[in-house]
Amino acid sequence: MCGIIGILGASAPAAPRLVEALRRLEYRGYDSAGVATLENGAIERRRAAGKLANLETELGAHPLAGVSGIGHTRWATHGAPTTGNAHPHATDKVAIVHNGIIENFRSLREELIKAGHSFASETDSEVIAHLIDENLKSGQSHEQAAIAAVRRLDGAFGIAVLFAGEEDILIGARKGSPLAVGLGDGEMYLGSDAIAVSPFTTRVMFLEEGDIAVLSHAKVKVLDANGMLAERQVHTFAGGVAAVEKGNFRHFMQKEIYEQPETTGRTIMRYVNAFEERIEMPDLDGVDLGADSAIVIGCGTAHYAGRVAEYWLEQIAGLAVETDIASEFRYRKPAFGKKSFSVFVSQSGETADTLAALRYCKEQGLKTLAVVNVPESTIWREADARLPTLAGPEIGVASTKAFTAQLSALAALTIAVGRARGALSSQEEARLAHALMETPRLITDALKSEPEIEAIAQTLQHARDVLYLGRGASYPVALEGALKLKEISYIHAEGYAAGELKHGPIALIDEETPVVVVAPHDALFEKTLSNMQEVAARGGKVQHAEAFEICEYGRRPNKEELGKLFPFFGETK
Ligand code: GLU
């Protein structure tokens with residue numbers, strides 16, 4: 001989660017203010033930073049790898065006086081964290097900062113190179129500046145040029161755009177990454193969140209998915225995803241930091257759910273080389289991915305992430321895998337195969353049982369690999385090697401974005417193991433890496449189902465028991481769903497392997513028991529469908545999450561398609 005700031009200023013030099021705002025965004029993590037301002041109408045940039053202090057040194061040596069500009073803290077996904085890859089990216093007409101991932105950057109880049117553009121960085125983001133530049137050349141207005149460019153971008157993004165020679169326009173756009181507009185006195189601001197603009201104003205407007213905001217000194221115009229003029233509520237933050245951080249989300253858990261396009265994207269891109277569509281693992285310090293077997297250990301949500309990975313590692317990489325709950329594992333004196341390694345999954349990196357299990361494995365001479373969110377935590381430090389998840393701080397008590405970030409890292413690990421074991425050809429690896437890179441966009445699409453999911457939640461709220469069913473890798477997802485419901489609503493919920501239904505719990509099902517089925521349209525779909533039929537025959541209510549069908553269609557299925565997928569439920573949801 002990098003940071004974006006934009007200032008359409010009145011009289012004070014923008015650069016120190018941009019840096020001040022970036023400092024507030026440091027908590028999100030970054031590896032380089034930069035600003036661009038308008039110096040007598042011309043775009044001037046200052047950028048530096050590493051900490052903000054380096055950017056300040058650069059600005060000290062080469063100061064900027066312009067009153068309007070944009071700034072960025074980058075957390076690299078495409079291209080190394082160098083000064084040359086740091087944002088803003090610019091042509092002589094336009095400068096942009098971008099947060100997120102542009103999925104179709106390669107085809108756009110090729111197209112723009114053919115049109116005579118030359119690229120100065122290895123980032124996906126630079127295409128945005130050239131695309132807008134190209135649109136300007138063809139005679140479009142600044143607003144049109146930016147909008148037309150944004151409409152061509154696939155992926156997840158928050159963007160701020162500054163134009164050469166234009167002191168009264170700044171454009172922001174968001175899809176999958178957050179962006180807020182700050183309203184000042186004769187000044188306007190853009191920021192990744194309310195904290196970024198908090199040094200300048202307490203009045204903040206949060207953009208919604210697909211919004212484009214056109215700022216001038218006097219007003220803000222917002223166009224929604226359909227290009228229609230839209231009104232967005234202005235919030236006034238007089239209160240504490242927590243309220244500011246939550247933005248217009250009701251609580252941190254909701255905010256963190258909506259961060260997932262960004263957090264999964266960041267984690268995936270830590271391991272995927274987007275140019276070569278290949279997995280690149282960091283130095284794993286002797287962990288042999290070509291081993292014969294592995295043990296995957298975690299607690300709660302992290303354990304379920306490990307269980308999903310068990311299916312993947314076996315099916316995709318042909319690796320024999322055993323998963324266990326850390327608290328069980330550490331007391332059962334487990335035995336290992338000779339050529340084996342162990343994986344420990346933990347958000348905090350401090351989970352006591354997981355740590356004890358790691359220490360046990362080390363004592364037994366097994367190499368240990370940590371999938372951990374908090375750098376320098378104990379599990380991080382004690383493991384032989386680590387695969388960081390880049391979910392950022394998780395404040396909500398029930399884990400959400402950490403789970404999907406763990407799955408992202410474990411999916412990359414699966415592909416790397418598949419390659420190491422000779423189970424995947426380079427074409428298969430490219431196909432899987434490509435599919436992985438589509439995840440942030442698909443999550444963005446899935447999040448659009450919130451109104452439908454909310455309506456389903458209304459029907460669940462009075463239930464005494466809820467069953468979650470799934471098969472294959474969807475089975476641990478069902479377990480995780482049941483855990484979430486228990487933690488958050490105190491409703492009793494059970495996750496079950498759909499095929500186990502007939503061996504017991506089916507007796508529990510009646511009209512009073514909602515059943516949530518995780519049923520992606522995969523090889524096991526037909527089998528899951530017959531389990532759903534069993535439930536329907538008992539009068540149980542099946543709530544199928546449309547969100548999962550996006551995997552099949554690459555978008556939300558319409559009613560007709562849903563009818564085809566679930567013939568016996570008709571209109572029922
Ligand atoms: N994908 C962009 C890059 O690698 C933006 C990364 C970010 O969100 O900071 O430069």
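Order of appearance sets the numbers: ligands from 1, and atoms from 1 within every ligand.
- Ring centers of F105 and F119: at least 6.0 Å apart, outside the cut-off.
- Checked against a 6.0 Å centroid threshold, the rings of F249 and Y258 count as neighbours.
- In this structure, a donor-acceptor pair under 3.5 Å is present between the side chains of E39 and T37.
- Every atom of ligand 1 is numbered from 1 in the order shown, and the set under 4.0 Å from a heavy atom of N99 is 8 (O).
- Atoms of ligand 1 lying under 4.0 Å from at least one heavy atom of R74, given by number and element, are 3 (C), 4 (O), 9 (O), 10 (O).
- Assignment of M269 to the shell around ligand 1 is not supported, since no heavy atom sits closer than 4.0 Å.
- Distances below 4.0 Å separate heavy atoms of S125 from the following atoms of ligand 1: 1 (N), 2 (C), 3 (C), 5 (C), 10 (O).
- The contact set between ligand 1 and W75, taken as ligand atoms under 4.0 Å from a residue heavy atom, comprises 6 (C), 7 (C), 9 (O).
- For the side chain to side chain donor-acceptor pair (under 3.5 Å) criterion with N273, the lone passing option out of E280, R278, H78 is E280.
- By the criterion of a heavy-atom distance under 4.0 Å, the side chain of T123, and not its backbone, is placed next to ligand 1.
- The backbone and the side chain of T77 each have at least one atom closer than 4.0 Å to an atom of ligand 1 (non-hydrogen atoms only).
- Residue contacts with ligand 1 do not include E262, since none of its heavy atoms lies under 4.0 Å from the ligand.
- With respect to K51 and E56, no salt bridge is recorded, no charged nitrogen being found less than 4.0 Å from a carboxylate O.
- Atom numbering of ligand 1 starts at 1 in the shown order; those under 4.0 Å from a heavy atom of H87 are 2 (C), 3 (C), 5 (C), 10 (O).
- Every N/O-N/O distance between I101 and ligand 1 stays at or above 3.5 Å.
- Classification of R47 and E58 as a salt-bridged pair fails, no side-chain N sitting under 4.0 Å from a carboxylate O.
- On a distance-only criterion, N85 and ligand 1 share no N/O pair closer than 3.5 Å.
- Close approach of ligand 1 to H72 is summarised as follows: ligand atoms under 4.0 Å from at least one heavy atom of the residue are 9 (O).
- In the model, T404 has no side-chain atom that pairs as donor or acceptor with a side-chain atom of T264 under 3.5 Å.
- For E209 and K448, the salt-bridge test fails: no basic side-chain N is under 4.0 Å from an acidic carboxylate O.
- In this structure, G79 falls outside the shell of residues with a heavy atom less than 4.0 angstrom from ligand 1.
- Results of the side chain to side chain donor-acceptor pair (under 3.5 Å) test with H130 over H117, E111, H89, R109 single out H117 as the only residue that passes.
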